[in-house]
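In what follows, every heavy atom counts, from backbone to side chain, and hydrogens, waters and symmetry copies are set aside.
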Amino acid sequence: MDHHFVGIPELTGVPRVAVVIDVMRAFTVAAWAFSRGVERIVLASTESEALALKESHPGWLALKDGAPAAGFDAVNSPGLLRSRDFAGRTLVQKTTAGTVGALAVAEAPLVLCASFVVAGPTARFLQTTNSGPVTFVVTGEEGQADEDLACAQYIARSMAAGDVDAAPYLHRARTSRAAADLAGGLRSGFHPDDVELCLEIDRFPFAMLARQEESLTVLRPAIPG
């Protein structure tokens with residue numbers, strides 16, 4: 001099947017099926033948030049929009065990249081998120097790459113957001129929907145992030161072959177520049193376990209489906225049928 005692997009700057013038109021990849025860390029964090037009870041994640045285009053959405057919807061929470069900041073309830077780190085209780089809450093997420101990529105293809109008929117922790121369920125969801133060729137949006141480093149490309153290629157291969165050895169793909173992610181930056185403390189809002197948490201293959205049993213709900217792009221967990 002002729003899948004496409006593109007960076008955000010290379011997107012042209014509206015794909016029929018899009019899988020937006022951000023391994024380190026937006027869509028690993030999103031999966032962890034769902035596991036901690038979040039009901040839905042609203043994707044924001046800017047930090048000011050995230051704060052405005054939170055302010056206008058009492059009870060909503062907001063999350064961003066980088067260091068903690070006034071008005072934000074969490075940062076984009078799975079290690080810092082995993083012990084939180086978000087039962088029944090709506091979380092507004094704004095990150096540097098992942099949310100940007102998802103919003104860029106928000107008009108597509110089918111949009112999934114993914115990372116290694118939901119890679120298998122994502123592949124199965126695509127298989128059960130007979131989705132056809134997929135546009136994989138590699139969000140990091142303008143499409144050059146090897147951890148995101150490795151995850152995209154693993155999902156594509158799993159769609160075709162089913163049982164695929166994840167080890168070579170995880171090795172690429174573990175030795176990527178993003179992993180080195182995180183391990184070296186070059187990114188703020190970081191927990192020492194973040195890299196390994198981003199490499200837990202199929203940690204969660206759901207895919208993550210993005211849809212338009214009124215004027216918002218909303219991410220929800222979806223169990224493959």
Side-chain angles (χ1 to χ4, degrees), residues 3 5-10 18-36 41 43 63-69 72 74-84 91 93-102 104 112-123 134 136-158 164-204 206-208 219:
H3 302 303
F5 302 86
V6 300
I8 297 171
E10 300 167 304
V19 177
V20 187
I21 308 291
D22 190 330
V23 171
M24 296 185 186
R25 294 166 283 176
F27 297 138
T28 300
V29 165
W32 269 99
F34 288 129
S35 80
R36 302 306 301 163
I41 295 174
L43 304 181
L63 177 151
K64 63 179 280 294
D65 268 337
F72 286 92
V75 295
N76 194 43
S77 161
L80 295 173
L81 204 72
R82 60 184 165 177
S83 61
R84 303 284 297 272
L91 180 67
Q93 185 182 32
K94 165 65 178 87
T95 69
T96 305
T99 60
V100 175
L112 297 173
C113 296
S115 62
F116 279 113
V117 297
V118 294
T122 301
V134 175
F136 288 93
V137 184
V138 178
T139 62
E141 301 176 29
E142 297 189 341
Q144 301 303 308
D146 200 38
E147 74 281 1
D148 292 343
L149 182 58
C151 183
Q153 291 171 340
Y154 174 75
I155 292 171
R157 181 66 177 160
S158 297
V164 177
D165 181 10
Y169 302 93
L170 294 172
H171 175 74
R172 286 168 56 190
R174 184 173 281 108
T175 56
S176 68
R177 184 165 72 177
D181 287 351
L182 282 175
L186 299 182
R187 300 189 184 186
S188 54
F190 167 72
H191 188 281
D193 293 342
D194 277 357
V195 171
E196 290 306 314
L197 290 172
C198 290
L199 300 178
E200 290 186 315
I201 191 75
D202 298 346
R203 169 77 188 239
F204 303 112
F206 49 80
M208 298 189 296
L219 192 62

With rounding to the nearest 0.5 angstrom, report the [atom1] to [atom2] distance, [X] to [Y].
X	Y	atom1	atom2	value
Ser77	Leu63	OG	CG	9.5 Å
Leu170	Leu199	CG	CG	6.0 Å
Ile155	Thr122	CD1	OG1	5.0 Å
Cys113	Ile41	SG	CD1	9.0 Å

Are side-chain heavy atoms of Val100 and Thr95 found at a separation under 4.5 Å? no

Please tabulate, for the side chains in residues 19-29, all donor-acceptor contacts under 3.5 angstrom to protein atoms that are two or more places apart in sequence or on a different chain.
{"from": "Asp22", "atom 1": "OD1", "to": "Met24", "atom 2": "N", "distance (Å)": "3.4"}
{"from": "Asp22", "atom 1": "OD1", "to": "Arg25", "atom 2": "N", "distance (Å)": "3.2"}
{"from": "Asp22", "atom 1": "OD1", "to": "Ala26", "atom 2": "N", "distance (Å)": "3.4"}
{"from": "Asp22", "atom 1": "OD2", "to": "Gly98", "atom 2": "N", "distance (Å)": "2.8"}
{"from": "Arg25", "atom 1": "NE", "to": "Asn76", "atom 2": "O", "distance (Å)": "3.2"}
{"from": "Arg25", "atom 1": "NH1", "to": "Asn76", "atom 2": "O", "distance (Å)": "3.3"}
{"from": "Arg25", "atom 1": "NH1", "to": "Gly189", "atom 2": "O", "distance (Å)": "2.9"}
{"from": "Arg25", "atom 1": "NH1", "to": "Asp194", "atom 2": "OD2", "distance (Å)": "2.9"}
{"from": "Thr28", "atom 1": "OG1", "to": "Val23", "atom 2": "O", "distance (Å)": "2.7"}
{"from": "Thr28", "atom 1": "OG1", "to": "Ser115", "atom 2": "OG", "distance (Å)": "3.3"}

Closest heavy-atom pair and its distance - [X], [Y]:
X	Y	answer
Val118	Ala114	CG2-CA, 4.0 Å
Leu81	Ala74	CD1-CB, 3.9 Å
Leu197	Pro78	CD1-C, 3.8 Å
Ala156	His3	CB-CD2, 3.7 Å
Ala150	Phe116	C-CZ, 4.0 Å

Phe204: partners by ring-ring contact (aromatic ring centres under 6.0 Å, His included), with sequence neighbours left out: Trp32, Phe206

Which residues satisfy the ring-ring contact (aromatic ring centres under 6.0 Å, His included) test with Tyr169, sequence neighbours excluded? Tyr154

Please check if the side chain of His191 supplies one atom and the backbone of Leu80 the other of a donor-acceptor pair under 3.5 Å. no

Glu10 side chain vs Gly7 backbone, donor-acceptor pair below 3.5 Å: yes

Any chance CZ of Arg172 has more than 12 other-residue heavy atoms, nucleotides or ligands included, within less than 6.0 Å? yes

More than 12 heavy atoms from other groups under 6.0 Å of CZ on Arg36: yes

Sorted by chain and residue number, the salt bridge (charged side-chain N to carboxylate O under 4.0 Å, His left out) partners of Glu142 (sequence neighbours excluded) come out as none

Residues forming a salt bridge (charged side-chain N to carboxylate O under 4.0 Å, His left out) with Glu196, sequence neighbours excluded: Arg174

Check against side chain to side chain contact (heavy atoms under 4.5 Å, CB included), Arg82 and Asp193: CA-CA 11 Å; Arg82 60 184 165 177; Asp193 293 342; 2.5 Å; yes

Name all residues meeting the side chain to side chain contact (heavy atoms under 4.5 Å, CB included) criterion together with His171; count only those two or more places apart in sequence or in a different chain, and write none if there are none. Thr175

